[in-house]
Amino acid sequence: MISEQLINQHLSTADLPDPDLFIRNSGEQRVSNFMLWQLAYTELYFTTTLWPDFDQNSLEDAIKSFKAGNGAWSYSEQVLNKSVTL
């Protein structure tokens, strides 16, 4: 029987957790079939900043947006209080 668990087991990311935050740069507002299954409950963050210019401040902006809960999903305090070191 095909199930969500069976599909998850056969993905190349089977041993990794699903992402909490997906950052798309360059002004594009699409995921281009990138990790569609894993992105189902992921916060999507779009920025016009180009990749070579995406710096620590840009990342901090994305994390602030994520923490503010600007998307459709809410997050546990455990996820929100993770620190990021660059």
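Just so you know, these numbers use all the heavy atoms, side chains as well, and skip hydrogens, waters and symmetry mates.
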Visitor: Quick check on the hydrophobic clustering: are Leu39 and Phe46 connected, directly or via other members, by side-chain heavy-atom contacts under 4.5 Å?
Guide: yes

Visitor: Let me check something: do Met35 and Val31 share a hydrophobic cluster, defined by ILVMFWY side-chain heavy atoms less than 4.5 Å apart, either directly or through other members?
Guide: yes

Visitor: In terms of hydrophobic clustering (I, L, V, M, F, W, Y; side-chain heavy atoms under 4.5 Å; direct or indirect links), are Leu36 and Ile7 co-clustered?
Guide: no

Visitor: Measure across Arg24 and Arg30 and return the closest heavy-atom pair with its distance rounded to 0.1 Å.
Guide: NH1-O, 3.1 Å

Visitor: Would you kindly confirm whether Leu11 and Leu16 end up in one hydrophobic cluster when ILVMFWY residues are joined by side chain heavy atoms under 4.5 Å apart?
Guide: no

Visitor: Using 0.5 Å steps for rounding, measure from the CG atom of Asp53 to the CG atom of Asn25.
Guide: 9.5 Å

Visitor: If you look at every heavy atom in Thr42 and Phe22, which pair is closest and at what distance?
Guide: CG2-N, 3.5 Å

Visitor: Restricting to non-hydrogen atoms, name the atom on Ala14 and the atom on Asn8 that form the minimum distance, rounded to 0.1 Å.
Guide: CB-O, 3.3 Å

Visitor: Is it true that atom CD of Gln9 has more than 12 heavy atoms of other residues, nucleotides or ligands lying nearer than 6.0 Å?
Guide: yes

Visitor: Assess the residue pair Asn57 and Glu60 against the criterion (side chain to side chain contact (heavy atoms under 4.5 Å, CB included)); give the C-alpha distance rounded to whole Å, side-chain angles, the decisive distance to 0.1 Å, and a yes or no.
Guide: CA-CA 5 Å; Asn57 289 330; Glu60 288 173 0; 3.8 Å; yes

Visitor: Identify the two heavy atoms, one from Leu21 and one from Tyr45, that lie closest to each other, and give their separation to 0.1 Å.
Guide: CD1-CB, 3.9 Å

Visitor: With no hydrogens and no angle check, do the side chains of Ser58 and Asp55 hold a donor and an acceptor under 3.5 Å apart?
Guide: yes

Visitor: At their closest point, which heavy atom of Glu4 faces which heavy atom of Trp37, and how far apart are they?
Guide: CG-CZ2, 3.6 Å

Visitor: Please name the pair of heavy atoms, one in Phe66 and one in Asp20, separated by the smallest distance, quoted to 0.1 Å.
Guide: CE1-O, 3.3 Å

Visitor: Nearest 0.5 Å, please: how far is CD in Glu43 from CD1 in Ile63?
Guide: 12.5 Å

